[in-house]
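Worksheet: the structure to be examined is printed underneath.
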Amino acid sequence: MNFDIDYLRSQLNDVQYQAVLGYDGPQLLLAGAGSGKTRVLTYKLASLVRNRGVAPHQVLAVTFTNKAAREMKTRVAKILETPCSFPWLGTFHSVCARILRMYAEHLGYTSSFTIYDRDDQKRLVKKILKQAGDEKIKPESVIYNISNFKNNYISFDGAAAMASGGYDLRIAKYYSQYQKGLKANNAMDFDDLIFLTISLLKQQEEVRERFKNSVRYVLIDEFQDTNKAQFQLIQLLLGPHNNITVVGDDDQSIYGWRGAEVTNILNFGDYFSNLNTVKMEQNYRSTKNILGVASSVIKHNRERHNKTIWTANDDGEKIVLLENENENQEAEKIIRQLKNDDTFSNGETAIFYRTNAQSRVLEDQLRRHNIPYMVLGGIRFYDRKEVKDVLAYLHVLVNPKDSVSFGRIINTPRRGIGNKTIEMFTDMALQNNTTLFEAFCTVENAYNGTAAEKKIASFLKIYRALEAAVQQESSLAEKVDAVIELSGYHAFLKESGIEDDRDRLENVAEFVAAAADFENRNPGKGLAEFLQEISLYTQEDEVKVRQSSVTLMTVHSAKGLEFSRVFLTGLEDGLFPLIRDADNADIEEERRLFYVAVTRAEKKLVLSFATSRRTWGNAVFADPSRFINEIEPHFLTRETGMARVTAPKTGRHYEPVEDQYIPNYEEECEGPAFFQGQHVQHKLFGMGTILKTEGFGESARLVIRFQDGNPKKMIPKFAKLTVLD
DNA sequence: TTCAAAGTTGTTTTT
DNA sequence: CAACTTTGAA
Ligand SMILES: Nc1ncnc2c1ncn2[C@@H]1O[C@H](COP(=O)(O)OP(=O)(O)OP(=O)(O)O)[C@@H](O)[C@H]1O
């Protein structure tokens, strides 16, 4: 159909168009920010299906985040005007998880394996370190080392073989024990998803051939941030035709600290003799001034491919540089700048920072100004303790070998089964070479046993009930709800009386709603699939209201996104570039990070720094970032005016709040007003006196001393309080 | 076994 | 500074 070719021409420039048509053989698109790399990949995918008769399941397309994958799916469906499913479009991790679910048995796992997150990994490593009696080494650094090995596809034997010195040997030993522990638990960590898929493809010739034959085209976005293991994986999946398109920008490589190898993209030609390299030089995203700032800074890097980049867009506004005395003034001035635009909360404004901790001051100030915002990063919904507790129950029910999750649920909620009992049964299990669960089962019917045994027997009774509930023919949400109910978790939260537990109960209810939602979106899929989706969830996936708020995030999470207005904050030497250890600082990667941040902006860019910043309680002074000095001055307008700002009250001003804030103007004025010294009545705690008030309406928080003498924090929105005065 | 109080860590960045 | 972990008393 000619229509499609004309359509392609109308949507792409010449170079992009040629890149899309270069279907066969290896192709590398090395191009600067905003040049349409992702766009080319998207149109290529659509065109392969439409013009080349390639079936969706024959394309392996890898994106950096799940969100990017979803967007690509949506775009392609729109271009093709038909919804179609691409089973092999996703992140490396989700694609691998899918492969492993199909073939886990070949590796000695079952297909219902659990994916361990950071927290689970830490629990397992801690257990190993405790057994080894090694308290000196931090679990985090063990995890970090193991992860490095896996990113380079080095097994524990390999790690032991290349060890030099006692420390290396210890790490190798823990790596080996950790890996065996994971396998015994029928669990994999994030890096295993890649690692074990490589192992699978290496070991199982039929599986490998199956993929090589069925995958006709491979497309990879953000190739500059792939690691060695991922590169190996691609080589194993790629058929003899070498139909592979990789896309990236070496200047945007910002995950070196996690094993990403820029050389994957820079030396790509070494692996494919007939490589077709395409360079795209026109930027469609940003104004000339924004691009000027980006280029003038990035050219200070020595290890890079020099690239021309230009734009037909306007000069646009000059870049504003805000100079501030401290972080509060910075936040205040940003908000003032932001309010210059009356469309500041239409979802097209973003505030970036180098470290997550910096978001707090900005949040405080935004809330104070009643500006709706959302924060990416920090604690995700599924990372909350109460949600993870419920998840642990579900994980055990899907994968009974998951001892880490099992350890989490034994005494949650409190059942009087403490450390000592657990230790005793762990020893017993170790001696009989069984699992802790099996050790428990030996006293399942011992009603005449010790107090501890009775408690275990009653726990097992609960466990059996949970098993039965999950087997039932019922909806996913009903099953989840039954687990929360039967485990006693619901009652525990409801009756605890601690104010925070009321919030937790709401989150648990929200989790049941999430299960219902999952079932809606994926009819026919069950608990195991639900758990996998959650395990692979990323920050970006949290459904939040970008449309009507200001978005706050780290520069790392901003990769690949674009915003009309961008505020880049905390530009102080030592913070951005972040220098923790002067000898090992990677300034070039920091500079690339700066480049990524700046090139997210379409129309307006504001840079800011603070001469002093409060860190761990005391003010730290710093010079403006060296990157600011690298900007050619004619792009900038400096704003020095040290306007007085109202410093927030010192002390406890910050309360942990939802990572999303939408002011509710009506309710702000409603509800009874509380004051210090007022007497109130609470359903559970009886009469009390208000010691302290904070905030108003929905966001109000109170500290109340009840009859028992203990002050308690309460939120009147949830706590049913009756005013007595 | 459990809770509260004292002590101690940490801030990169995340799929 | 604040979140987390360990310690000690009941
Ligand atoms: N030929 C074109 N015509 C119109 N708009 C274009 C064209 N090419 C790219 N764009 C637009 O430019 C912006 C950047 O494109 P895209 O996100 O694909 O670039 P990228 O190279 O992947 O960027 P980055 O590497 O910075 O993430 C998008 O808004 C895209 O729609």
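To find a chain, count down the sequence lines: A is the first, B the second, and so on, and within it residues start at 1.
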Aromatic ring of A:Tyr255 stacked on base six-ring of B:dT14, 5.5 Å, 30°: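 No; by the centre-distance and plane-angle rule, A:Tyr255 does not count as stacking on B:dT14.
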
C1' gap between B:dT12 and C:dT5, integer Å: 22 Å

Looking at [X], does any N or O in its side chain come under 4.0 Å of the phosphate oxygens OP1/OP2 on [N]?
X: A:Arg414; N: B:dC3; answer: yes
X: A:Arg415; N: B:dT1; answer: no
X: A:Asn227; N: B:dT15; answer: no
X: A:Ser557; N: B:dT14; answer: yes

Whole-Å distance separating the [atom1] atom of [X] from the [atom2] atom of [N]:
X: A:Arg354; N: B:dT14; atom1: CZ; atom2: C1'; result: 11 Å
X: A:Asp189; N: B:dT14; atom1: CG; atom2: C1'; result: 14 Å
X: A:Arg118; N: C:dC4; atom1: CZ; atom2: C1'; result: 16 Å
X: A:Glu222; N: B:dT14; atom1: CD; atom2: C1'; result: 14 Å
X: A:Glu590; N: B:dT13; atom1: CD; atom2: C1'; result: 8 Å
X: A:Trp257; N: B:dT12; atom1: CH2; atom2: P; result: 11 Å
X: A:His93; N: B:dT14; atom1: NE2; atom2: P; result: 14 Å
X: A:Tyr144; N: B:dT15; atom1: OH; atom2: C1'; result: 15 Å

Position toward the 5' end of DNA chain B (nearest nucleotide), A:Thr615 or A:Arg258: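 It is A:Thr615 whose nearest nucleotide is closer to the 5' end.
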
Which residues share a side-chain contact (heavy atoms from CB on, under 4.5 Å) with A:Glu303, sequence neighbours left out: A:Glu588

Which of the following nucleotides, [options], is nearest to the side chain of [X]?
X: A:Arg580; options: B:dT13, B:dT15, B:dT12; answer: B:dT12
X: A:Thr355; options: B:dT2, B:dT12, B:dT14; answer: B:dT12
X: A:Phe190; options: B:dT15, B:dT12, B:dT14; answer: B:dT15
X: A:Lys138; options: B:dT14, C:dA2, B:dG10; answer: B:dG10

Cationic N near anionic O, under 4.0 Å, A:Glu363 to A:Arg360: no

Pair A:Phe64 + A:Tyr255: ring centers closer than 6.0 Å: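 A:Phe64 vs A:Tyr255: aromatic centres under 6.0 Å.
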
Partner residues of A:Phe352 under the ring pair (Phe, Tyr, Trp, His ring centres under 6.0 Å) criterion, sequence neighbours left out: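 Here no residue qualifies.
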
A:Asn152 vs A:Asn227 side-chain heavy atoms within contact, under 4.5 Å: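 Side-chain contact under 4.5 Å: no.
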
Touch class at under 4.0 angstrom, heavy-atom based, for A:Asn411 against every strand present: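 Answer is sugar-phosphate: A:Asn411 comes under 4.0 Å of backbone atoms only.
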
